[in-house]
Amino acid sequence: MHDEDEHLIAAYLDGEAAAAETIRSWVVTALGSFRRRLGADLEDAVQEALLEITRVLGEGRFRGESRLRTYVWRLATSRAIDHLRRAARRHLVAVDDLEIESTNPSSLHRTLRREAVLIGLKVAAAMSEACRELWRMIVAGLSYRQMAELVAADEGALRVRVLRCRRRAIAFRESLEESARNNRPDATPDQ
Amino acid sequence: MSAMNGSTMNCDEIALLIPWYLNHTLEETERAAVASHLEDCPSCHIEVDHATAVARLVVTHPTAGDLADLVAGTLRADEAGVLSDHVDHCDACRTEVDLLEASWTTFDRPDRAGVVAMPRHRLRRHWLGIAASVLLLLTSAGWLREWLVAGGTPAPSANIAVVEAFPTTARERGGEVENTLEVGADTSGATVILMSDLPEEKTPWAVDIATTDGRVVWRHEGLERSPDGDFTLSIPAALLSQPQLEITLYRVVGGHWRKAESYVVTTTR
């Protein structure tokens with residue numbers, strides 16, 4: 001860990017005002033571009049970030065892979081995005097199962113869960129926009145009749161189209177999963 | 001009776017209805033037929049699993065931390081590729097990445113402001129003023145040495161003043177224009193958020209700052225506009241000794257820099 005960061009952390013955890021102000025100023029600067037989006041919630045987001053930073057530093061979870069300033073930026077902006085996501089009530093189906101929270105990017109890809117998220121994102125990106133849109137409609141709770149009307153298709157044809165989208169996506173996912181299994185250092189053919 | 005409406009559906013017909021069985025929008029007869037079939041047909045449960053998996057795929061997003069890592073460039077190339085592909089087709093994530101990029105630009109590169117050359121005609125017109133201003137700044141504050149020693153980042157004890165500045169045109173429209181930067185003894189820089197209602201357009205943006213006597217003492221080309229339409233500007237502490245700063249925003253119109261907005265920021269101690 002960089003000496004300056006080590007000293008700053010020690011001072012911060014000791015409650016020194018200058019250190020606290022430094023870290024607070026980093027958070028405020030990081031969230032400058034979120035000001036309009038967050039509106040009255042900006043101060044909440046700043047406090048939330050500071051609380052998390054205090055927790056992380058207090059638990060010794062910052063290991064110095066990046067400079068502290070960069071780390072604070074990542075943490076503050078991530079919390080701000082989370083704040084916006086909560087506010088927008090974005091529908092994340094079972095995302096808690098899939099998302100990985102890590103304070104150390106270099107370690108993320110070593111986990112199988114991380115691999116699953118990446119595969120999922122890869123499959124979704126590989127789907128055609130039309131397929132993604134059909135499946136978003138399903139997640140949004142539209143009936144096949146409503147969907148057929150929206151995309152101006154026959155109901156039967158729509159159901160077949162949705163099934164084809166699903167089968168292609170699953171086949172692609174399975175091929176990626178197999179490839180991932182084969183590329184793992186400890187992979188065995190039957191895994 | 002259609003096979004799709006009865007209880008005699010085969011596996012292929014069931015597979016076609018499963019997405020809507022899962023989102024609870026089937027009519028009662030269809031729902032009952034699918035439910036009954038699934039009770040006796042383990043192989044169709046795979047179809048349910050697959051449909052659930054695809055539904056998840058289309059609403060799965062990278063974590064906020066992943067997007068931050070993408071912007072900061074700390075991801076592995078393959079991970080960055082996957083996330084970039086996602087961002088390309090996900091408007092919500094694109095908006096978040098834009099916000100993060102605006103933040104990162106301000107946060108990571110406060111040193112770049114002011115070192116990018118303005119168009120030559122502007123430089124020629126103002127070179128004497130620039131030279132005098134730089135000399136004044138160097139002799140009065142010594143900020144450049146401090147800036148370079150710190151690698152372009154504020155010193156660890158930095159205290160950044162922040163103001164959300166409204167353009168002078170807001171006053172003309174009857175709005176309140178009091179852009180005040182509160183500067184303390186330990187303030188080492190300022191972040192000024194230039195609010196703007198200018199229409200969205202693909203144009204380069206530039207900004208300069210003049211003191212009360214009209215001298216342009218600081219300039220920055222390549223300003224980035226946030227998705228909300230405002231601009232975040234980091235300025236060094238040396239300028240905060242001035243009682244008032246006039247910030248002028250420029251855009252390119254017909255190949256020439258044209259004034260777009262001006263802002264007056266008052267500093268108080």
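Both backbone and side-chain heavy atoms feed into the values below; hydrogens, waters and symmetry mates do not. To find a chain, count down the sequence lines: A is the first, B the second, and so on, and within it residues start at 1.
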Item checked: Atom group of B:Ser84 that falls short of 4.5 Å from chain A, counting heavy atoms -> neither
Check: For chain B, which of A:Leu142, A:Leu68, A:Val28, A:Ile119 has the most heavy-atom pairs under 4.5 Å?
Finding: A:Leu142
Margin query: Under a 4.5 Å cutoff for heavy-atom pairs, which residue among B:Asp98, B:Val162, B:Thr191, B:Leu83 has the most contacts with chain A?
Written below: B:Val162
Next item on the list: Tell me, for B:Leu67 versus chain A, whether the close heavy atoms (under 4.5 Å) come from the side chain, the backbone, both or neither.
Entry: side chain
Notebook entry, point to check: With under 30° as parallel and over 60° as perpendicular, where do the rings of B:His61 and B:His86 fit, or are they tilted in between?
Noted result: perpendicular
Note to self: Quick check: closest heavy atoms across A:Leu31 and A:Ala80, and the distance to 0.1 Å?
What the structure shows: CD2-CB, 3.6 Å
Identify every side-chain donor-acceptor pair in residues 41-51 of chain B under 3.5 Å, counting partners at least two apart or on other chains, and give the distances.
unit_1: B:His45; atom_1: NE2; unit_2: B:Leu38; atom_2: O; d: 2.9
unit_1: B:Glu47; atom_1: OE1; unit_2: A:Arg166; atom_2: NH2; d: 2.3
unit_1: B:Glu47; atom_1: OE2; unit_2: A:Arg167; atom_2: NH2; d: 2.8

Next item on the list: Select, from A:Arg36, A:Lys122, A:Arg173, the one with the greatest count of heavy-atom pairs under 4.5 Å involving chain B.
Entry: A:Arg36
Note to self: Between B:Ile193 and chain A, with a heavy-atom cut-off of 4.5 Å, which part of the residue counts as in contact: side chain, backbone, both or neither?
What the structure shows: side chain
Notebook entry, point to check: Looking at A:Arg37 and B:Glu96, does any basic side-chain N land under 4.0 Å from a carboxylate oxygen?
Noted result: no
Next item on the list: Pick whichever of B:Ala102, B:Gly81, B:Pro19 has the most heavy-atom pairs under 4.5 Å with chain A.
Entry: B:Pro19
Item checked: Closest approach of B:Ala15 to A:Leu163 (non-hydrogen atoms, all atoms of both residues) -> O-CD1, 3.9 Å
Check: When the aromatic ring centroids of A:Trp73 and A:Trp26 are compared, is their separation below 6.0 Å?
Finding: no
Next item on the list: Under 4.5 Å, counting heavy-atom pairs only, tell me which of B:Leu57, B:Asp230, B:Leu100 racks up the most with chain A.
Entry: B:Leu100
Next item on the list: Can you tell which part of A:Leu121 gets under 4.5 Å to a heavy atom of chain B, answering side chain, backbone, both or neither?
Entry: both
Item checked: Interface moiety of A:Glu174 toward chain B, non-hydrogen atoms closer than 4.5 Å -> side chain
Notebook entry, point to check: Given the options B:Asp85, B:Val54, B:Thr232, which has more heavy-atom pairs under 4.5 Å with chain A than any of the others?
Noted result: B:Val54
Check: Based on non-hydrogen pairs under 4.5 Å, which of A:Ala30, A:Gly120, A:Cys165, A:Gly32 is most in contact with chain B?
Finding: A:Ala30
Next item on the list: Would you mind telling me which of A:Cys131, A:Gly141, A:Ser33 has the largest number of heavy-atom pairs within less than 4.5 Å of chain B?
Entry: A:Ser33
Notebook entry, point to check: Does a side-chain heavy-atom distance below 4.5 Å link B:Thr63 with A:Ser78?
Noted result: no
Item checked: Note: A:Arg136-A:Glu129 ion pair, threshold 4.0 Å (strictly below) -> yes
Notebook entry, point to check: Do A:Leu38 and A:Leu84 come close enough that some side-chain heavy atom pair is under 4.5 Å?
Noted result: yes
